[in-house]
Visitor: 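Quick one: the structure is below, questions incoming.
Values below: every heavy atom of this structure, side chains too, minus hydrogens, waters and symmetry copies.
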Amino acid sequence: LEALQYVGDYLPTFKFSGAIAISLRNQVLRDHPGLFFPPGYYTEVKKYSVARGIDPSTTLAVIRQESAFNATIRSPVGAIGLMQLMPQTAASIAREMGIKNFDPKTLFIADTNVNFGTFLLNQNTTRFKDRFSAIVASYNGGPHNVEKWIRNSTAADEIEFVEDMV
């Protein structure tokens, strides 16, 4: 598994970690965190997460869920790279950041993708404050949808709210 991670092929590692019995998963996570959150791209993750006041673990979790640490992935709907950014969203972020002549192909570059993805996470954090489930849900589902889910929710707590979204 370490050899696969060395060449950037993290998916087999995730499949293996998913096969670990639930009763052992916490111990394995504690003793071997790289199985769940490989160190690949940590330089970019730390740089942009810290600069934006985001816990790097949150960024790593988004990357793991969105792309399984595959920087060259493109989703069927067109989302690109590690943090699976839509080109239109990235173009909007580029304008807000003052970047001229943005090219969506640069989203395949880890540094650009993590920069833009953490910018979006920061926007969601500002919008939803400390409501973690809304922050991460809005990353994928969009902030307007999450606001609608919050308005229509009858959930008594965050766990119920998350279950209602699913």
Side-chain angles (χ1 to χ4, degrees), residues 8 10-11 13-14 17 29 33-34 36-166:
Y10 299 107
L11 195 54
T13 303
F14 297 145
S17 64
L29 176 59
F36 293 88
F37 299 99
Y41 310 108
Y42 192 72
T43 301
E44 295 88 346
V45 167
K46 185 175 180 184
K47 176 170 83 173
Y48 292 113
S49 296
V50 169
R52 298 207 166 95
I54 297 165
D55 183 338
S57 299
T58 299
T59 304
L60 289 169
V62 169
I63 292 171
R64 183 180 195 275
Q65 185 61 35
E66 293 290 329
S67 70
F69 290 85
N70 182 345
T72 61
I73 196 166
R74 181 188 296 261
S75 78
V77 297
I80 297 172
L82 289 170
M83 297 189 75
Q84 287 293 280
L85 292 156
M86 292 298 289
Q88 308 90 307
T89 302
S92 174
I93 291 170
R95 281 190 299 279
E96 288 186 57
M97 294 172 81
I99 296 171
K100 306 266 191 243
N101 303 318
F102 169 72
D103 182 352
K105 290 179 190 146
T106 62
L107 292 174
F108 289 111
I109 300 167
D111 191 79
T112 301
N113 197 283
V114 175
N115 184 11
F116 283 36
T118 55
F119 185 92
L120 184 56
L121 276 173
N122 180 265
Q123 285 182 324
N124 295 343
T125 301
T126 300
R127 189 177 209 143
F128 295 106
K129 307 295 180 241
D130 293 324
R131 195 158 184 188
F132 184 76
S133 59
I135 293 165
V136 294
S138 64
Y139 186 86
N140 189 285
H144 300 297
N145 286 328
V146 172
E147 286 172 343
K148 183 174 69 176
W149 296 333
I150 290 170
R151 272 194 314 274
N152 297 332
S153 177
T154 58
D157 59 27
E158 281 300 293
I159 293 172
E160 227 178 280
F161 173 69
V162 171
E163 289 174 356
D164 285 352
M165 284 190 294
V166 181

Visitor: Write down the atom of A90, the atom of F102, and the distance for their closest heavy-atom approach.
Guide: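 Scanning both residues completely, I find the closest heavy atoms to be CB-CZ, 3.6 Å.
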Visitor: Is there a side-chain contact (heavy atoms from CB on, under 4.5 Å) between V146 and R127 once you walk through the steps?
Guide: CA-CA 11 Å; V146 172; R127 189 177 209 143; over 6 Å; no
Visitor: Quick one: closest heavy-atom pair of G117 and Y139, and the distance?
Guide: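 Closest approach of G117 to Y139, heavy atoms only: O-CE1, 3.6 Å.
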Visitor: Step by step, would you call K47 with D111 a side-chain contact (heavy atoms from CB on, under 4.5 Å)?
Guide: CA-CA 9 Å; K47 176 170 83 173; D111 191 79; 3.0 Å; yes
Visitor: Taking the side chain as C-beta and beyond, is there a heavy-atom pair between L82 and E44 under 4.5 Å?
Guide: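 A side-chain contact under 4.5 Å is absent here.
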Visitor: Just verifying a value: how many Å separate K46 NZ and T118 OG1, rounded to the nearest 0.5 Å?
Guide: 14.5 Å
Visitor: Within this structure, what is the OG1-CG distance for the pair T126 and L121, rounded to the nearest 0.5 Å?
Guide: 10.5 Å
Visitor: Evaluate the side-chain contact (heavy atoms from CB on, under 4.5 Å) criterion for residues M83 and T59: first the C-alpha distance (whole Å), next the side-chain angles of each, then the deciding distance (0.1 Å), finally the verdict.
Guide: CA-CA 8 Å; M83 297 189 75; T59 304; 3.9 Å; yes
Visitor: Quick one: pull up CZ in F132 and OG1 in T58 and give me the separation to the nearest 0.5 Å.
Guide: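 If I round to the nearest 0.5 Å, the distance is 4.0 Å.
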Visitor: Could you measure the distance from the OH atom of Y48 to the CD1 atom of I54? Nearest 0.5 Å is fine.
Guide: 12.5 Å
Visitor: Could you measure the distance from the CG atom of N113 to the CG atom of L107? Nearest 0.5 Å is fine.
Guide: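 Those atoms lie 5.5 Å apart.
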Visitor: Looking only at heavy atoms, what is the nearest atom pair of A155 and S153, with distance?
Guide: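 Taking every non-hydrogen atom into account, N-OG, 3.0 Å.
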Visitor: What distance do S67 atom OG and I80 atom CD1 have between them, rounded to the nearest 0.5 Å?
Guide: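 So the gap between those two atoms works out to 12.5 Å.
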Visitor: Counting N and O atoms only, with roles assigned by atom type, does the side chain of T89 sit under 3.5 Å from a partner on the main chain of L85, one being a donor and the other an acceptor?
Guide: no
Visitor: Quick one: closest heavy-atom pair of I93 and F116, and the distance?
Guide: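 The pair with the smallest heavy-atom distance is CD1-O, 3.6 Å.
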Visitor: Restricting to non-hydrogen atoms, name the atom on V162 and the atom on S133 that form the minimum distance, rounded to 0.1 Å.
Guide: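 The answer is CG2-CB, 3.5 Å.
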Visitor: Would you indicate whether E160, at its atom CD, is surrounded by more than 12 heavy atoms from other residues, nucleotides or ligands within a distance under 6.0 Å?
Guide: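 Enclosed.
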Visitor: Could you pull out the closest heavy-atom pair between A79 and M86, with the gap in Å?
Guide: N-SD, 3.5 Å
Visitor: If we ignore hydrogens and angles and just use 3.5 Å, is the side chain of R52 paired with the main-chain N or O of L120 as donor and acceptor?
Guide: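 No.
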